[in-house]
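Here is the naming used below: chain letters follow the sequence lines, and residue numbers restart at 1 for every chain. Please read all numbers here as calculations on a predicted model, not as lab measurements.
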Amino acid sequence: MKPGRAARLCFLLLCLCCAGCTGWQSAMDPQGPAARRLDQLFWLFTGTAALIWLLVMLVLALALLRRRMPPEAVAEHRSTVAVGGAVAATVLIITGLTFASYLATRQDSAGHADALVIRVRGFQWWWEVTYPDAAPDHSFLTANEIHIPVGRPVRIELAAADVIHSFWVPNLAGKQDMIPGRDNALTFTVQQPGIYRGQCAEFCGLQHAHMALLVVAEPPEAFERWRAAQLAEAQAPRTPEAAEGQRLLEIKACGACHTVRGTAAAGTLGPDLTHLASRQYLAAGMLPVTRGALAAWIADPQTIKPGNNMPMVSLSADELQALSAYLVDLK
Amino acid sequence: MAVMRILAALITAASVLWSVSQPARSEVTPAEQGGARPGDGNHFSPLDQLTPANASHLKLYAAFPTGSRGAHSGAPLVMGNMLVVLTPFPHVLYALDLRKAKPEVAWRYEPASRGMAAGLTCCGTGGPVSYGNHLYFNTVDGRTIALDPASGAVLWDVQAADPALGETLTGAPVIARGQVVLGNAGDDFGARGWITARSATTGAALWKHYSTGPDAEVGIGPGFAPPYPTDRAVDRGITTWPPSAWQHGGGGVSGPILWDASAGLLFHGTGHPAPWNPDQRNGDNRWTSGLFARDVTTGEARWFVPVNPHDLYALGSTSALLLVERDWRGGPAPLLIHPDGNGHVYVLDRRTGKVLSAEPFIPVNATKGFDLAAGALVRDPAKAIRSGATTRGICPARPGATGAGAAYSPRTGLLYIPVRRACMDMEARDTTFMPGTAFTGGNLRLSPAPGLSAGALVGWDIAAGHAVWEQAEPLPVEGGALATAGGLVFYGTTDGFFKALDAGNGVELWHFRGSSGIVGQPISYLGPDGRQYVAVLAGLGGVPGSASGREIDMRDATAANGQAQALRALPPRADGGGMLYIFALP
Amino acid sequence: MTRGRPAEDLRDTALAEVELTHGLARTWQTPSGFWGALATVDHKIIGRRYIATAFVFLALGGVLALLMRWQLARPESRILSPDLYNQVFTIHGTNMMFLFAVPVMEAMAVYLVPLMVGTRNIAVPRLNAFSYWMYLVGGVLLWVAFVLDMGPDVGWFAYVPLAGPQYGAGKRADIWAQMITFTEISALAVAVEIVVTVLKQRAPGMSLDRIPLFVWSMLVTSFIIILAMPAVMVASTSLILDRLVGTHFFNPAEGGDVLLWQHLFWFFGHPEVYIIFLPAVGMISSILPTFTRRPIFGYLPLVLALVGTGILAFGLWVHHMFTTGLPRVGESFFTASSMAIAVPSGIQIFCWLATIWYGRPVLKTPMLFILAFLFTFVIGGLTGVMVASVPLDTQVHDTYFVVAHFHYVLVGGAVFPLLGGVYYWFPKITGRMMSERIGRWVVGLLLAGFNLTFFPMHILGLQGMTRRIYTYQADMGWGGMNLFVSLSSLVLATGFLLFFIDAFRSARHGAPAGDNPWGAATLEWATSSPPPPYNFVRIPVVESASPLWDSPDALPVATGLRMDRRELLVSTVADAVPEARESSPGNSIWPLWAAAATTILLIASIFTPWAVVWGAIPVTIALIGWFWPKGTPEDES
Amino acid sequence: MTALRCAALVVLALAGCKQEERAMRLDPPIAEAMDAVALMPDGIGGRPPEVHVAMGNPYRGNAYQISQGKRLYEWFNCRGCHADGGGGSGPALMDGWWRYGPDLVSIYVSIRDGRPNGMPPFRDRLTPEQIWQLTGYIQMMGAYSASAAAPGRNDRMFSRPSENRAPAAAPAPGQP
């Protein structure tokens, strides 16, 4: 039984590790009531499971090690009762856990009248984020980064543009699939300002691994500021180099797929770039938005994220410079 | 009042849409209408030599091959002793001398063409118009040209629309108070719609107003008094669109533009918003798919009526418009009649834009009746369009239940509506805007409305709000109708018949079978010999034309935006070339 | 139970022992030579092939697993391209489920069930031969495709639309779907054979309450296969139709439904788990008495637990779809049913514990595997309760937590008992013992390697690591644990390597085993090791659930079968009262030809649907050849 | 026997590789060379670039590249004029009739440079690699026999039998 003991030791060690786990994409660091309830439920289940496992192992060890008596029918009869009792206990525990599961999500299914509605559509391999508004001109598009106000329920309406994706920001809530032809939604509230990472959880093809999104929870005032900034058209180029970059964006292939509001680029095949530089990451969580990363990405997207839908557009070094200078200014 | 009515009658009589004719008549024509295509859109000819009694004796008088295989959707023009025909793109303008025993080409004019525009439009062009001593016409590739009718010499030639942006000119210009007024087409390419006025003498731009965008560009100012209060807000051309979407939002002015000289107003419809996929343009999408009244000198809007707000099926509102003077529910009223693509005949008070009634002239299931108080149709949520989904059995189908060719006869008081009775399955898909390429985002599959023929000519009682009779046709009726004072209605069919009906009861009196389908607008005129003639251009071209030729593969149900399927019954084209037919009594 | 029959020359009653064994051997033998090997219908030869092939696929799948661990050991590693990684994980999953786990269990049954019920051959033996060829071709198809860089890359679950016509370019998903067809045909064929064998060919006296528990478990498993596999065949056929013919089963724009695939797939896919797991628990229930020296505790509850699991297996497929946005009532129902499956599992574990408690445990390698099973499977079962809860599942679904969970269930719950079973039955199959010393090392390495590899995955999953990702970024903080997991996987791999070495070595050089080296109680130990082609000289008669213990000296036998013809004893379903002698089909090459024709049809239909029409001709010819009347006399009752 | 089997396997392997290979990145110099098509003076027909031949016609008969081409066909508004190959304001592409010839180079040039009767140029909207993908798809659409690499139907409203079901054949004269 040595290996078994080693594994058990390991288990305990790892449990210790977990206790200290914090992460920006972790189910064990809940940041809102929905995730917290799931976390509590998780520990309830884990505790129960650990107890049961220890009991079973204890009985097994005793069964192996106990001194043998001559077989007697009475003892066997007693053990029938014991086994029956264990089965009954199993039934009770399971019923209890089922109810606990049911109760844990009851609150989540309640409607929230004042929820902020955000629409997220999964694409291969990025997220389109729409902030709808009763006034259509106050709605806007962004990508791969969701800003939400803390303290206010958020209702994420999920849809898929091509294949099935799954929206999962573990610190905030459980996952929900995005399925072509179906509408799903997820409601949660975040109480702590912070940046939480999420990732597509349903296998969606070549770059399933690189389909991340950020949820930026911020105080309501900051959120409103952000929202107002997103509504504006793109920053006009401030240097001749950036102006050249804008010209290139309009005349080269960029504008066929990307929108930069306020310029002639009005494509909708790729992420909206109007406020690209206000986002932290590029290419669904692959690269930070810096001028160098932008240039590298544009120069060779297929090496960085093989199979993604951004083509390698032939650009000279100067053109790359200009384009990245323009893009990095699109706050 | 009586004076008004006499005046109106005079205007009607002289005007004539497709009729203008002898010099004697044109003298009584008010200068502003100068014998040009009159602005009331009635498609009514005051000539009465042809009557139900003698219609059956009509014979082909002359036939002139145009040499073009395109869609001959316009009307010929009679100017003095000249009959002017504009062929489809790439255009040739022929002037035929009517004094000869058979019409002969007096001169021809062929403007240089930008071939790329051929990809931007499917269906032909408007006809030429005359004003004073000049002849005006639009070319599909965006030019407006003024000619001397005597020699064919160019007076001026301006590039009014830019095909690189998807803009084309498919309607005829209208001459109003010394201005050439014209609007663009290109909704399917995301071209932003506009209407512009140019000086009739120099071609210089006078004003230009858009169908989307800020109030200043739309021409909305203090004089704007919309009949429904929601449109009184500021910059509806921006606020009813997602950010920036109005910049390529369509709304072209490709339909008829009417000119009401007495009120000094222009009336026109606006095309559908772009793209078709409604999810990409949330909001009411002002000022597309509605009707405008504009001041003729400044182009400022007076009122606007949304006909198909947030146009789910991309129908637009550029079908026929008619200025009609008649009693309405107890008193005389200046009416604007608009049989819309959504299958309803709108009756509006053209002073205010208020909708007086809207009744369906074909079976409709996309909407469930008209709410007079709100001035809008009540939509059926089951027929809503969602991006990525297919909605089945929508009636009527795009491009709409009727085109621009309805006619009205003051004699019978009936409206004659050429009708398409198709239903469609529509699937909306995300699409991306690239100037000069189609910006639609929709797939359509058309089929005839269940239990009905695919087309008809409907005789419609405006006051009662229902059809009095209908003449069923196996294919959608794409061409226009012409009513004459003699009590006849003429129209051509897609399968190549040219028919005369009794205007009162719809009984077919006479027909002629040509070599190609007819999508053009018939006219009637008094020849130099004092006889009444009827002329029409035949030649399918465009979508219906290709459906019977090689360019369309019928295995694709969405070919030609699904219309190919609606035209499955079309007989093979024997001769695709366009023809001008002129008929007269022997 | 000896049946009085009029004496006849060639019946076993009339012949001397030597003459009888010679005659039987002549009648039942497999001709030597290449064609003889291809034409055999002996369940033992086919079963051996099946087992060997399945273990080859296990080894290949294991290599893929190591490749994946190599790639995932470091963040942003570029050892495998995303395209290759997707093929690798798809083929690993597909291979392990369809080419190893299910076939190996059926293979064990093909070998053991006829021996355990005391009959001479499996029912419908030619179908058995056919099923093996289909299985082999299916496996080869998958692996050849992989080698040619056209391996499926859509996951073993092949969710549409990713596997559908629009997003699954080329023939990759078609190959997956056709591979399913091959393995389903073979699995269904074996299931039918086993049901018939168990119900109609049991030795006289083996009434329902005397059937060995492994046979019971295979009976239940076979019924699950018969009921569940058609769902996936419908699904994969619909997928092929969508892809090749342009139907719209899964196209929402034309009224199809993407979720329909998931329902169909998991309606099969969840019972699939029990198709793998039930034979394993059956093995435990059959091995445990031998090593505790007492009959199993709670035979009836165990049988009821098997049947109960079999029924419940069909009521919880939706727990694979908890994140697809189901109505709440449905979620609650499936939560309850998913958790309820813990009850029969609990019953079995408690009964085994009681058996150990009251027995005298002998810690030989097979017994050690059972202990390893209990250690790991209980963890897997308990994490199963966690994923059965909708709210918890929304956090752990499609993460490494689930990867850990199902490896605990499948490796801990099925592979450990299977390896125990191999150690246990190896002497019966080969006539030689496996090494006890190496066996203990194997158990130790596997148990340690397995837990060190898969336990940390629970935590990785909770830390947000999703499944099926070909890499992850360094700043996710998963690097350390992934490296640990990858290193541990080497320990696990070493364990498997040692097992293979031991098996190879022992097959040639192992200590010779007697008929019953473990002192076991069931009928397979009543004949020689390895058994003769006819299994039993005379059909044994069973008078208790532990026949070899209760009649230690000589089993009563039933006689009256002819030796010049392949005759079996057919008995009644409930009480196994003999009711007929039936001739069992002899060797035939036609199953091979039928399999070849079917192969041509199925593989060609990947390229053109017309293959179904033209391919039907050779299939028909092969079947006519197969079923051509041989003029053998009718069965006698 | 063994040699034969090996040979068969090799042939199969080559066929498979060509059809299923997924090249996701074209080196910039190769991409540039791919753009150097030699067109006949009348604008119809020509020679594909040498590198294209040297690489073994990578855009013809490769399932992945063709399916990429099909996506580009959707994304770059080809449908607006050519519908799902049935045509509209642009000519049908699936009927096996080619205004400018059926060869790859003509199709490539039509997409890249446009054609005078309304086909706009896509030179500044697509990279040479993408134009080649689109070219491969369009040529396959109008080919007379269905290729094994042809894609299946799309997850959208049914318009016509999918590419792998319907090799283009010129509709009988005088159809429909």
Side-chain angles (χ1 to χ4, degrees), chain A residues 117 119 121-124 128-142 157-164 178-183 227-234 250-275 309, chain B residues 162 164-166 189-192 212-215 230 233-250 273-286 288 309-310 384 386-391 427-441:
Chain A
V117 174
R119 284 193 200 118
R121 255 196 324 166
F123 283 75
Q124 280 181 326
E128 180 197 82
V129 183
T130 312
Y131 284 76
D133 195 282
D137 64 327
H138 280 67
S139 62
F140 61 89
L141 274 179
T142 175
E157 297 182 348
L158 303 163
D162 34 44
V163 301
I164 301 176
M178 313 161 100
I179 301 170
R182 285 186 178 252
D183 298 316
R227 186 176 182 138
Q230 294 289 312
L231 269 171
E233 291 194 334
E250 289 174 337
I251 63 162
K252 294 280 182 180
C254 321
C257 299
H258 296 287
T259 296
V260 177
R261 276 185 281 121
T263 74
T268 48
L269 298 172
D272 185 307
L273 304 181
T274 309
H275 298 286
N309 291 317
Chain B
D162 183 359
L165 301 175
F189 295 82
R192 194 177 160 206
T212 66
D215 282 353
T230 48
V234 176
D235 282 343
R236 292 269 291 162
I238 293 176
T239 61
T240 55
W241 293 85
S244 307
W246 57 270
Q247 290 165 356
H248 35 77
W276 298 359
N277 177 1
D279 279 2
Q280 281 181 284
R281 46 172 172 86
N282 283 319
D284 280 344
N285 309 134
R286 289 290 187 274
T288 62
H310 187 54
R386 287 194 48 205
S387 191
T390 306
T391 309
E427 178 198 40
R429 285 280 168 176
D430 287 357
T431 182
T432 190
F433 177 68
M434 278 178 271
T437 67
F439 186 46
T440 53

Could you label the plane-to-plane angle of the B:His248 and B:Phe433 rings as parallel, tilted or perpendicular, counting under 30° as parallel and over 60° as perpendicular?
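Plane angle under 30°, so parallel.
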Let's go through A:Thr130 and A:Phe140 carefully: what are the C-alpha distance in whole Å and the side-chain angles of both, what is the deciding distance for side-chain contact (heavy atoms from CB on, under 4.5 Å) to 0.1 Å, and is it a yes or a no?
CA-CA 6 Å; A:Thr130 312; A:Phe140 61 89; over 6 Å; no
Which atoms of B:Arg386 come close to chain A, meaning under 4.5 Å heavy atom to heavy atom: side chain ones, backbone ones, both, or neither?
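For B:Arg386, the contact with chain A is made by the side chain alone.
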Relative to chain A, which segment of B:Thr431 carries a heavy atom at a distance below 4.5 Å: side chain, backbone, both, or neither?
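Just the backbone, heavy atoms under 4.5 Å.
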Best-contacting candidate, B:Pro243, B:Ser244, B:Gly190, B:Pro242, against chain A by heavy atom pairs under 4.5 angstrom
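Winner by heavy-atom pair count: B:Pro243.
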Where do A:Thr263 and A:Glu250 come nearest, in terms of heavy atoms and distance?
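Taking A:Thr263 first and A:Glu250 second, the nearest heavy atoms are CB-OE2, 3.1 Å.
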What residue, out of A:Ala135, A:Gly255, A:Ala256, has the most heavy-atom pairs lying under 4.5 Å from chain B?
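Most heavy-atom pairs within the cutoff with chain B belong to A:Ala256.
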Determine whether A:Arg119 and A:Glu128 make a side-chain contact, defined as any pair of heavy atoms from C-beta on separated by less than 4.5 Å.
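They are not in contact (no side-chain heavy atoms under 4.5 Å apart), so the answer is no.
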